[in-house]
2 protein chains.
Amino acid sequence: MSPDTRTKIIMTAMELFWDKGYGSTSVADILSRSQIHSGSLYHFFPGKQDVLVGVLEFYRDKIEEWLLAPIWSAVTDPIERIFGLLNGYRTQLLTTDFAYGCPIGNLALELHEPDPKVRQLLAANFTNWTTAIEGCLDAAAERLPPNTDRRALAEYILTVMEGAVMQARSFRDIGPFDRNVAMLRQHIDLLASQVRAEFVKV
Amino acid sequence: MSPDTRTKIIMTAMELFWDKGYGSTSVADILSRSQIHSGSLYHFFPGKQDVLVGVLEFYRDKIEEWLLAPIWSAVTDPIERIFGLLNGYRTQLLTTDFAYGCPIGNLALELHEPDPKVRQLLAANFTNWTTAIEGCLDAAAERLPPNTDRRALAEYILTVMEGAVMQARSFRDIGPFDRNVAMLRQHIDLLASQVRAEFVKV
DNA sequence: TTATCACTTGATTGATCATTCAATCAAGCT
DNA sequence: AGCTTGATTGAATGATCAATCAAGTGATAA
């Protein structure tokens, strides 16, 4: 058994896919960076696409630990946790000079006709993210109008994050990202003020 | 002078880039579909990337005629023009079975380190789109709070469109798109209701 | 008539791509 | 010791890639 080699391939491929995309990463790139030989890679994976599947499964299982846990421990207010998560993407954009955005979003748009397994894993990664946000909204349910579709609002927050990252990367400017997040904040504030108005009325 | 050949190359390459992406479109693909020989292509373009530049310049110049004019003539209310534009992307998603999203968004995320000319053209395409939306918002200025940053709101609408298209394509389901647009509609309605409340107060 | 010039043809090049495979190795089991 | 099995090595394969270029075409003008 050699889980070490398999894991090393996945970690290396993940870095390269995030950095250069799937199509622009050659198997030779993965081999040279991971110091592993082609025979070993093809011993564990039938082909390049199966490496991608491995990466997406790996990332899916690490979202909780890598992405959410650090922010959950730093922020407790559920609404602020959402904006803390968005701020994490902001920091990543700035520290990588706009090279890294959302890795799943990049792949989702790069792979125009992905095979069902890949597409399903991309969707699963989005779903996990959305479910985490939905949990925050549920925790803040009393600060939102009672008829709020919290699942749809969580999807919408994912949408704003992805679009904001895309624009910031295209313009190589954090301005669009900040203004987009400010707009989202305004929307949520408006929802919250509706609740207060209703409370006064009753 | 043979603008016909040059244009044919650009139109063919545009179709292929929208359909399969830039990296997955080979020069041979462009040649076989356009019935043009490699020498002719390289007579007009120094290389593949220059074809991409030509496509982006061409599309930038056609946004008004191809994208906006049909909707402007079908809808007159400025706010409904915005949602009419979004509905155009919705129709395109459905009629292409989620193959076509926003062509500029796809390329923006596919090209991780584009050269300055390409990056500038991607940004110019986004800017043109945003400016058109901003024009609608200016025309509806009296229905928005007076302190509204209409440029930022236009950027935000682009963001929602791009994110909504991304999710619909990933899930191969129009549901996320529709719910995202509904959320945006709610936000704009909330802004409009603020104006009415202010009017009553005065 | 002849020279010029923009354009076209398509075989060819060398690089790079994902993938294969015969061989060797190391460790455990009998 | 001998046998088995999973893991590793790295040269080799054939396909495909972007790009090149010498030879040709046809229209225009001197």
Side-chain angles (χ1 to χ4, degrees), chain A residues 1-58 106-107 110-118 121, chain B residues 1-58 106-107 110-118 121:
Chain A
M1 170 178 23
S2 173
D4 209 51
T5 299
R6 219 192 98 98
T7 305
K8 192 193 284 188
I9 292 169
I10 285 185
M11 302 277 285
T12 307
M14 184 162 51
E15 287 175 17
L16 287 163
F17 291 164
W18 294 175
D19 190 30
K20 316 179 13 164
Y22 174 72
S24 300
T25 298
S26 70
V27 175
D29 288 337
I30 301 172
L31 299 177
S32 70
R33 183 181 288 199
S34 63
Q35 302 275 44
I36 280 170
H37 300 268
S38 63
S40 293
L41 187 146
Y42 283 96
H43 175 75
F44 290 102
F45 300 96
K48 185 187 175 187
Q49 185 166 246
D50 302 276
V51 178
L52 174 62
V53 167
V55 165
L56 290 173
E57 285 171 344
F58 193 84
N106 288 357
L107 290 173
E110 177 187 352
L111 306 167
H112 287 235
E113 287 158 354
D115 80 7
K117 192 150 197 170
V118 170
L121 280 164
Chain B
M1 173 179 15
S2 172
D4 210 50
T5 299
R6 218 191 99 99
T7 305
K8 193 193 283 189
I9 292 169
I10 285 184
M11 302 275 287
T12 307
M14 186 163 48
E15 287 174 19
L16 287 162
F17 291 164
W18 293 176
D19 190 31
K20 318 178 11 164
Y22 173 73
S24 299
T25 298
S26 70
V27 175
D29 287 337
I30 301 171
L31 298 177
S32 72
R33 184 181 288 199
S34 64
Q35 301 275 44
I36 280 170
H37 301 269
S38 63
S40 294
L41 187 147
Y42 284 98
H43 175 74
F44 290 103
F45 301 96
K48 185 187 176 188
Q49 186 167 245
D50 301 276
V51 178
L52 174 61
V53 168
V55 165
L56 290 172
E57 285 171 343
F58 193 83
N106 288 357
L107 291 173
E110 177 187 352
L111 306 167
H112 287 236
E113 286 158 354
D115 80 5
K117 191 150 200 174
V118 171
L121 279 164

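Order of the sequence lines sets the chain letters (A, B, ...), proteins ahead of strands, with each chain counted from 1. Computed from a prediction, not measured in an experiment: that's the story for all the values here.
Across the protein-nucleic acid pair, B:D4 atom CG and C:dA6 atom C1' stand 15 Å apart, rounded to whole Å. With rounding to whole Å, A:Q35 atom CD is found 11 Å from D:dG10 atom P. The separation between A:L31 atom CG and C:dT16 atom C1' is 14 Å, rounded to whole Å. The interatomic distance linking B:D50 (CG) with D:dA18 (P) rounds to 14 Å, in whole Å. We find that CG of B:L41 is positioned 19 Å from P of C:dA6, with the value rounded to whole Å. One atom, CG of A:L16, and another, P of C:dA18, lie 12 Å apart when rounded to the nearest Å. Regarding A:K48, its NZ atom lies at a distance of 12 Å from the C1' atom of C:dT16, rounded to whole Å.
Map A:G39 and A:Y22 each onto its nearest nucleotide of DNA chain C; the residue landing nearer the 5' end is A:Y22. Nearest-nucleotide positions on DNA chain C for A:P46 and A:S24 put A:S24 closer to the 5' end.
Side-chain proximity of A:S38 to D:dT20, C:dA18, D:dA11: nearest is D:dA11.
Counting non-hydrogen atoms under 4.0 angstrom, B:T25 reaches the backbone sugars and phosphates but no base.
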Step-by-step side-chain contact (heavy atoms from CB on, under 4.5 Å) determination, A:T12 to A:I36: CA-CA 10 Å; A:T12 307; A:I36 280 170; over 6 Å; no

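The side chain to side chain contact (heavy atoms under 4.5 Å, CB included) with B:L31 is formed by just one residue from the set B:S40, B:S38, B:S26; it is B:S38.
A close approach under 4.0 Å does not occur between any side-chain nitrogen or oxygen of A:S40 and OP1 or OP2 of D:dA7. Phosphate proximity of C:dT8 to B:T5: present, with a side-chain N or O under 4.0 Å from OP1 or OP2. Applying the 4.0 Å criterion to OP1 and OP2 of C:dT19, one finds that A:Y42 has a side-chain N or O inside that range. Checking the phosphate oxygens (OP1, OP2) of C:dG10, a side-chain nitrogen or oxygen of B:H37 falls inside 4.0 Å. Considering only side-chain N and O atoms, B:H43 lies nowhere under 4.0 angstrom from the phosphate OP1 or OP2 of C:dT8.
The heavy-atom pair separating B:A13 from B:V55 by the smallest distance is CB-CG2, 3.9 Å.
Distance alone, capped at 3.5 Å, is enough to place a donor-acceptor pair between the B:E110 side chain and the B:Y22 backbone. Between the B:K8 side chain and the B:Q35 main chain, no donor and acceptor come within less than 3.5 Å of each other.
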